[in-house]
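All values below were derived from every heavy atom in this structure, side-chain atoms included, with hydrogens, water molecules and symmetry-related copies excluded. Quick note on labels: first sequence line is chain A, next is B, and so on, each numbered from 1.
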Amino acid sequence: MKERYEFQAIEEKWQRYWTERQLHRTDTDSSRKKFYCLEMFPYPSGKIHMGHVRNYAIGDVIARYKKMQGFSVLHPMGWDAFGLPAENAAIKNNVHPAQWTYENVEFMKKQLNRMGLSYDWTREVTTCSPEYYRWNQWIFLKLLERGLAYKKASFVNWCPDCATVLANEQVVDGGCWRCDTEVIRKELDQWFFRITDYAEELLMGCDELNGWPERVVAMQKNWIGRSEGLEVDFAIEGSSQKLRIFTTRPDTLYGVTFMCIAPTHPLAELLTDDKTGLAAIKAKYGKEEEKEGFNTGRFAVNPFSGDRIPIFIANFVLMEYGTGAIMSVPAHDQRDFEFAQKYGLPVKVVIEPEQGEAASPPDAAFEGDGILTASAQFSGLKSEDARRKIIDYAEAQKFGTGRVHYKLRDWGISRQRYWGTPIPVIYCDSCGMVPVPEDHLPVILPEDARLTGAGASPLAESPSFLNVRCPKCGAPARRETDTMDTFVDSSWYFIRYCSKREEEPFARDNSDYWMPVDQYIGGIEHAVLHLLYSRFFTRALRDIGIVGMGEPFKNLLTQGMVCKETWKCAEHGWLFPEEVERGACSRCGKPVARGRVEKMSKSKKNVIDPDALIQRFGADTMRLFSLFAAPPERDLEWSDKGVEGASRFLHKLWAAVFRNIEAVRSARTCTVDPAALQNTSAAALLRKTHQTIRKVTDDIEKDYHFNTAIAALMELVNEITGFSPQHAADRAVLNCAIRNALLMISPFAPHVAEELWAEIGEQGSVFEHPWPAWNPALARDEEIELVVQVNGRLRAKILVPAGLSDAAATERALADAKVGEHTAGKQIVKIVVIQGRLVNIVVK
RNA sequence: GCCGGUGUGGUGGAACUGGCAGACGCGCCGGACUCAAAAUCCGGUAUCCGCAAGGAUGUGCGAGUUCGAUUCUCGCCACCGGCACCA
């Protein structure tokens with residue numbers, strides 16, 4: 001055995017061993033209990049960053065731990081490989097997106113393997129490969145069949161200069177990210193998935209997400225945005241048309257003093273002749289600075305009160321929500337109040353607060369619930385009762401219906417770009433829109449597309465792709481040139497993993513066995529979109545009949561960001577850590593300012609390259625630090641000193657084994673008779689070993705608190721370091737302590753654990769051994785420190801045998817000299833005893 | 001504005017179900033080894049008063065419940081995140 005811990009050779013050796021032995025391969029084995037451990041797959045941007053390291057280290061510990069617990073573990077990895085950066089790289093460097101992507105994949109895969117991650121690569125998916133995206137197309141066709149995919153005109157972000165559609169994130173301060181031209185809203189035909197059909201189910205499902213962080217569930221609910229209310233038709237004077245509004249406050253219906261409709265409302269054109277005024281409001285549509293509107297001069301009639309009320313067109317009313325028209329109750333809605341003030345409209349109070357008088361004249365809307373007033377037969381009712389009764393009344397009178405609206409909109413999946421899944425639809429002049437027949441899939445991206453970044457979708461300019469025969473009538477036809485949003489790819493990849501690559505993805509045996517994902521791990525940035533889309537997709541696939549359940553992710557862990565302090569030089573701006581030398585800029589020598597601790601990002605240059613770190617300290621150290629510095633869900637502050645600490649621990653572990661190697665090898669046994677040890681340091685070490693097994697197991701099981709688990713392992717190694725074996729029994733205890741320490745350290749630092757496991761004379765991989773169990777009898781302390789308080793203040797600590805009776809504990813506490821000082825001359829009122837912990841004597 | 005989170009030593013962070021506040025790591029101080037330094041090892045390290053024994057204070061702030069509160073309740077403050085003219 002080498003005296004020093006040399007990670008380079010060790011890490012390479014064991015990575016090769018795992019690959020050769022195919023140790024991470026998983027098969028569907030229905031006789032065993034399964035555990036599906038999944039980390040969000042990365043976009044192959046070029047190389048991995050610290051966020052990936054943290055994400056994948058967490059997942060790897062869980063996967064390895066569960067394997068040792070006897071589960072059949074599925075732990076796959078793949079690539080979210082479609083997307084814009086590849087296209088941009090293609091434009092910039094004149095490489096094909098596929099080449100750029102696959103080169104990145106290859107490089108990043110090597111990086112992941114250097115981290116010692118236990119992936120079953122036989123299940124790897126790459127979403128840009130035809131064998132993957134053909135199933136996107138297949139699912140699309142199924143959704144189309146069921147009416148869950150449809151096409152409609154909708155507004156997109158359009159850059160007039162580049163003549164292209166931009167994604168929301170490509171619009172920076174209202175301008176194009178590439179040329180700064182002001183982005184306009186342009187109406188185009190777009191494909192949508194009808195996620196709103198599942199709004200209610202997705203919302204109800206939120207209550208079953210017990211294994212998710214509360215805030216993520218809250219964000220999902222918020223996003224779906226259910227609101228219950230009433231739709232009412234208001235007659236329009238001098239027109240047969242009705243104006244339908246939606247309100248969540250039917251109890252304020254008698255307080256309506258005007259109506260507002262969106263500038264894009266279908267009736268807007270009809271209700272006014274002032275086209276320039278309308279255009280002016282349209283231009284300010286959705287702008288938040290100020291509420292603006294204009295009076296159409298037309299009137300509506302409140303079906304409840306018969307009141308004649310003016311109709312306005314207002315920029316703050318959104319066509320996309322509700323009916324695009326609202327009833328305005330300035331007395332009880334702040335926005336309406338402001339609008340009424342501006343245009344001198346009346347304010348009619350119909351709700352009185354239950355306590356206290358309403359301010360009069362009011363200087364703000366009273367938005368709370370209260371008692372109805374001036375509301376005909378509903379006056380005197382409480383808001384809540386009134387809402388129900390008014391809805392009933394409206395339904396009985398047939399001028400309204402109780403309704404539920406959602407903020408959630410249908411999911412627009414059309415992208416006018418190249419590097420995505422072609423939408424499998426063909427347009428024929430005589431047959432119209434024709435789905436590509438299933439046996440013609442996949443519709444493959446053409447190689448000859450020109451990527452320039454300008455003009456329409458590259459697919460529209462590729463004749464070899466565009467021109468096709470109609471599958472129905474055989475006449476010349478055109479392909480759809482939109483590609484799918486890349487969120488489609490990631491909405492079902494976790495189901496793809498359940499089957500091997502050579503198998504079709506929807507073999508029910510496989511998905512029934514593996515799904516749902518038992519533990520999903522990833523960043524909080526996907527709290528809404530990716531997770532919501534995946535929940536929708538899984539339900540849609542369930543209804544199509546190809547998976548058995550609807551909720552894909554049983555437990556979700558959202559890991560915190562990796563942060564680091566920033567450095568700034570007055571002359572050179574943000575600096576990389578290696579550009580700072582003793583508080584000065586390495587380029588100009590000027591002093592640098594230490595900025596805030598922020599998420600690692602290229603723009604702030606506060607980044608650490610994982611490769612450099614592996615080179616210097618090894619993968620085990622890097623993993624250990626990122627798991628030790630903070631609990632997984634919290635942000636982690638990077639610390640070079642902390643990394644050294646992690647490295648020191650592994651050296652210490654190595655040294656402890658090295659120093660005792662002969663003793664441990666010769667012991668060959670882990671069985672010890674505790675009675676023979678008496679009250680020696682060996683007994684203490686044995687106890688510590690069992691206590692550590694208990695603590696580490698509990699910490700992992702309870703919320704994956706690896707930081708405290710590692711702290712406990714450090715304590716155990718410290719105790720091993722301070723122990724020198726004298727007799728055979730001592731050696732057996734030491735063997736037991738080291739064996740168990742290695743087993744427990746193995747998920748965190750797998751390479752060094754394997755190496756030391758071999759050194760102490762064990763056969764095979766440490767991961768083929770079960771996770772250790774603790775013996776409660778051995779973990780129990782013989783003596784405990786009993787805290788004695790007087791009036792809640794700590795006055796003494798006394799050593800007593802464990803399991804001492806309350807009466808005996810009280811007796812010992814009172815006998816203590818220190819305690820005597822504080823109780824002398826006072827009357828004992830009460831004595832509180834907590835078994836094994838403390839005695840509190842209350843005196844007067 | 002609404003929803004959620006966080007607040008503990010010089011520092012990252014611990015603390016079961018209301019029971020010793022500060023585990024473990026980092027830093028710092030002292031010591032050993034060394035010609036010396038680094039590395040390593042050993043010891044100390046919340047604050048204040050005190051030579052010490054000891055005492056007092058202390059988990060963002062203010063109340064409350066309790067024998068006892070970092071933990072529970074109420075009211076504030078600060079910071080972070082999400083959503084937001086959603087009718």
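Under the side-chain hydrogen bond (donor to acceptor under 3.5 Å, both in side chains) criterion, the residue pairs touching residues 209-223 of chain A are A/Asp207-A/Lys221, A/Gln220-A/Arg535, with sequence neighbours excluded.
Comparing B/A21, B/C86, B/C67 by their closest approach to the side chain of A/Asn840 singles out B/C67. Minimum atom distance to the side chain of A/Arg793 is reached by B/A56, of the listed B/A15, B/G4, B/A56.
Ranked by how close their nearest RNA chain B nucleotide is to the 5' end, A/Lys652 and A/Thr248 are led by A/Lys652. Nearest-nucleotide positions on RNA chain B place A/Glu644 closer to the 5' end than the other of A/Glu644 and A/Arg249.
For the P atoms, the distance from B/U11 to B/C28 is 15 Å, rounded to whole Å. Only the P atoms considered, B/U66 is 36 Å distant from B/G12, to the nearest whole Å. Between B/A56 and B/G5, the two C1' atoms lie 35 Å apart (nearest whole Å). B/C61 and B/A78: their C1' atoms are spaced 10 Å apart (whole Å). Comparing B/A21 with B/A14, their C1' atoms sit 10 Å apart, to the nearest whole Å. Rounded to a whole angstrom, the distance from the C1' atom of B/G60 to that of B/U71 is 16 Å.
Applying the Watson-Crick and G-U wobble criteria (two distances, each under 3.5 Å), B/G54 pairs with B/C49.
A tilted orientation is assigned to the rings of A/His405 and A/Tyr321, their planes being inclined by 30° to 60°.
Side-chain atoms of A/Ile524 and A/Glu633, non-hydrogen and from C-beta on, never get closer than 4.5 Å to each other.
Remark: A/Glu228 does not engage A/Arg403 in a salt bridge, criterion side-chain N to carboxylate O under 4.0 Å. A salt bridge links A/Asp333 with A/Arg335: the closest approach of a Lys/Arg side-chain nitrogen to an acidic carboxylate oxygen falls below 4.0 angstrom.
Side-chain contact of A/Lys652 with A/Asn718: a donor-acceptor pair under 3.5 Å is present, judged by distance alone.
Scanning residues 630-643 of chain A for heavy-atom distances under 4.0 Å to RNA chain B yields A/Pro631, A/Arg634, A/Asp635, A/Glu637, A/Lys641.
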